[in-house]
Amino acid sequence: MSFPLLTATAVLPAIGAIATAAVPAARRTAAKWLALVVSLATLALAIVVLVRFDPDGDRYQLTESHAWIKDFGVRYELGVDGIGVALLALTALLIPFIILAGWHDADPLETGNKRWRPTQGFFALILAVEAMVIISFEATDVFLFYIFFEAMLIPMYFLIGGFGDRAHEHGEEAASTQRSYAAVKFLLYNLVGGLIMLAAVIGLYVVAGNFSLQQIAEARANGSLHMATSTERWLFLGFFFAFAVKAPLWPLHTWLPNAMGEATAPVAVLITAVVDKVGTFAMLRYCLQLFPEASKWATPAILVLALISIVYGALLAVGQRDIKRLVAYASISHFGFIILGIFAMTSQGQSGATLYMVNHGISTAALMLVAGFLISRRGSRLIADYGGVQKVAPVLAGTFLIGGLATLSLPGLAPFVSEFLVLVGTFARYPAIGIIATFGIVLAALYVLVLYQRTMTGPVKPEVSTMPDLRARELVVVTPLIVLLIFLGVYPKPVTDIVNPAVKSTLSDVHKKDPQPEVEAAK
């Protein structure tokens with residue numbers, strides 16, 4: 001029996017979470033190092049998965065299948081395609097940086113009522129989220145996926161509500177109230193989406209008789225499983241609603257600015273760069289593969305919602321006075337681009353959307369983590385409280401600028417390639433929507449450059465005059481992310497080679513081909 005590599009990538013951080021939580025309270029530093037070592041070991045396993053994956057091989061590779069709940073046809077089935085393996089690698093890559101960036105975010109904090117922050121719990125919860133996200137990318141049993149899709153809400157709830165940002169303009173009591181509100185809102189939105197999906201999962205079992213993604217998709221393809229049009233559409237809507245909440249897509253997005261604003265910067269990165277990717281990934285894997293006709297039926301409405309997300313998120317980012325909420329609204333705009341690429345139903349659009357998931361994770365991590373370092377120095381999230389930072393902390397300002405330029409998709413940095421592919425793929429089939437979506441790029445340039453101008457340039461404010469530059473640990477966090485942004489901006493081929501075959505299979509599932517360019521006959 002071959003080594004269960006995919007299981008190991010998920011089980012290792014799960015065991016690490018338990019071990020980290022069990023470290024004695026007096027050994028906080030040991031708990032941090034344990035969590036970091038486990039995350040690095042998980043990254044090593046993810047690299048092995050990446051190396052062993054053959055883009056030209058079977059659609060799902062490194063598969064594992066074992067009986068689980070026989071009476072209900074539930075199996076423990078894992079497998080990765082090109083899209084899943086790319087996002088698995090992204091998750092494993094970002095977690096060590098998240099842990100390093102949050103090294104002191106859960107240190108003991110004595111307040112007026114003698115409350116303390118359990119350091120071990122903070123890092124254990126991060127590892128628990130990593131384990132659940134990884135197995136979500138690997139699961140090929142719909143019920144298995146659903147369990148971890150929902151289970152990851154619990155550790156995220158405690159990370160948002162119990163370990164929120166210390167920088168709050170109205171003091172610790174107000175901060176605690178806001179954290180609780182953000183955590184509950186996050187949980188309720190996603191639970192409602194999950195409950196609706198559960199009804200659709202049960203409905204799928206009633207129709208198909210099992211939960212195996214591959215078996216159901218094959219039965220749909222060869223005609224041995226027929227769904228009534230209305231049944232397929234209702235099931236599609238149940239799945240899509242849950243994924244749209246997680247993504248998040250307008251108008252189901254309102255939990256994200258609260259959650260990212262009140263969470264620590266590393267947890268904010270965990271939300272938008274890791275957890276939210278499960279939603280867009282699932283649209284590709286489940287919505288399009290299980291419900292191809294319903295996906296095409298819903299495409300016009302979804303494209304409109306994605307377009308609204310792009311413009312609406314960017315417009316609200318322009319008007320923000322809080323740095324972290326600005327990044328949150330920018331992410332809503334970016335997720336609009338990703339969903340636009342998925343439902344453009346072209347190879348360029350879906351390749352760009354998958355590449356965008358990877359690149360957005362790296363660029364948002366770079367920008368938000370540097371913003372977190374900035375906020376921790378000044379103790380404020382308000383843009384107006386900064387000015388002239390580049391004169392006293394030039395390395396911090398420079399890395400912040402690169403993260404911002406990546407966010408606005410500057411040519412030469414990774415997000416540009418993915419955004420360009422999404423727009424090209426959309427324009428090929430829906431030119432009017434592609435043209436309107438380009439306004440999101442203009443607005444992105446506006447909110448990023450205005451943010452940099454107001455915080456980093458101009459006269460040095462007294463409160464930032466003694467601000468230290470990035471320290472060694474912080475440089476270790478930021479430097480690899482910036483290197484990746486430049487490398488993938490110049491040479492995205494390693495990622496596109498992995499995802500393109502999976503994208504072609506997805507387009508085949510929905511019986512779509514790229515539109516042929518209209519060439520005027522030579523006279």
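FYI, side chains are in, hydrogens and waters are out, and symmetry mates aren't considered; it's all heavy atoms of this structure.
Partners of Ser505 by side-chain contact (heavy atoms from CB on, under 4.5 Å), not counting sequence neighbours, listed by chain and number: Arg59.
If you run ring pair (Phe, Tyr, Trp, His ring centres under 6.0 Å) between Tyr286 and each of Phe236, Phe143, Phe145, only Phe145 comes through. Among Tyr146, Phe149, Phe281, Phe335, the single residue meeting the ring pair (Phe, Tyr, Trp, His ring centres under 6.0 Å) criterion with Phe243 is Phe149. The only member of Arg381, Arg325, Lys185 that meets salt bridge (Lys or Arg N to Asp or Glu O under 4.0 Å) when paired with Glu262 is Arg381.
A heavy-atom distance below 4.5 Å is found between the side chains of Met345 and Leu288. Two residues are said to be in side-chain contact when any heavy atoms from C-beta on lie closer than 4.5 Å; Pro248 and Asp276 meet this criterion. Residues Asn258 and Arg179 are not in side-chain contact: their nearest non-hydrogen atoms beyond the backbone lie 4.5 Å or more apart. Within the 4.5 Å cutoff, side-chain heavy atoms of Ile482 are placed close to those of Ile486. Taking 4.5 Å as the limit, some side-chain heavy atom of Ile271 sits within range of a side-chain heavy atom of Trp255. Counting heavy atoms from C-beta on, the side chains of Thr299 and Leu303 come closer than 4.5 Å. With contacts defined as side-chain heavy-atom distances shorter than 4.5 Å, the pair Ser409/Tyr356 qualifies.
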### Task
Evaluate side chain to side chain contact (heavy atoms under 4.5 Å, CB included) for Ile441 paired with Leu423, printing each intermediate quantity in order.
CA-CA 11 Å; Ile441 302 175; Leu423 290 173; 3.4 Å; yes
### Task
Take Phe163 and Val267, measure what side chain to side chain contact (heavy atoms under 4.5 Å, CB included) needs, and give me the verdict at the end.
CA-CA 9 Å; Phe163 300 92; Val267 172; 5.6 Å; no
### Task
Decide side chain to side chain contact (heavy atoms under 4.5 Å, CB included) for Tyr60 and Leu78; before the verdict, give the C-alpha distance in whole Å, the side-chain angles of both, and the deciding distance to 0.1 Å.
CA-CA 9 Å; Tyr60 292 102; Leu78 304 181; over 6 Å; no
### Message
If you apply the rule side chain to side chain contact (heavy atoms under 4.5 Å, CB included), what do you find for Leu256 with Phe186, and how did you get there?
### Response
CA-CA 7 Å; Leu256 183 65; Phe186 161 83; over 6 Å; no
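Between Ala273 and Leu94, the closest heavy-atom pair is CB-CD1, 3.8 Å. Taking all atoms of both residues into account, the shortest heavy-atom contact from Ala414 to Leu488 is CB-CB, 3.7 Å. Across all non-hydrogen atoms, the minimal contact from Val184 to Tyr157 is N-CE1, 4.0 Å. In plain terms, the two heavy atoms of Gly238 and Ala200 that are nearest each other are CA-CB, 3.9 Å. Of all the heavy atoms in Val448 and Gly404, the pair that sits closest is CG1-O, 3.3 Å. Among all heavy-atom pairs drawn from Glu150 and Asn190, the shortest one is OE2-O, 3.7 Å.
For residues 231-253, every residue pair satisfying the salt bridge (charged side-chain N to carboxylate O under 4.0 Å, His left out) rule, not counting sequence neighbours, is listed here: Arg220-Glu232.
For CZ of Phe158, the number of neighbouring non-hydrogen atoms (other residues, nucleotides, ligands) closer than 6.0 Å is 12 at most. Atom CZ of Arg454 has 12 or fewer neighbouring heavy atoms from other residues, nucleotides or ligands inside a 6.0 Å radius. With a 6.0 Å radius and a threshold of 12 heavy atoms from other residues, nucleotides or ligands, Phe427 has its CZ atom at or below the threshold. Atom CZ of Phe420 has 12 or fewer heavy atoms from other residues, nucleotides or ligands within 6.0 Å.
Checking Thr91 against Glu130 by side-chain atom types alone, no donor-acceptor pair falls below 3.5 Å. For the 3.5 Å distance criterion, the side chains of Thr9 and Glu138 qualify, holding a donor opposite an acceptor. Judged purely by distance below 3.5 Å, without hydrogens or angles, the side chains of Asp141 and Ser212 never pair a donor atom with an acceptor atom. Side chains of Ser331 and Thr272: a donor on one and an acceptor on the other come within 3.5 Å. If you check the side chains of Tyr312 and Ser333, you find no donor sitting under 3.5 Å from an acceptor.
Residue Leu413 holds its CG atom at 10.0 Å from CG of Asn359, rounded to the nearest 0.5 Å. With values rounded to the nearest 0.5 angstrom, Asp81 atom CG is found 12.0 Å from Asp58 atom CG.
In this structure, His360 and His334 have perpendicular ring planes: the angle between them is above 60°, well past the 30° mark.
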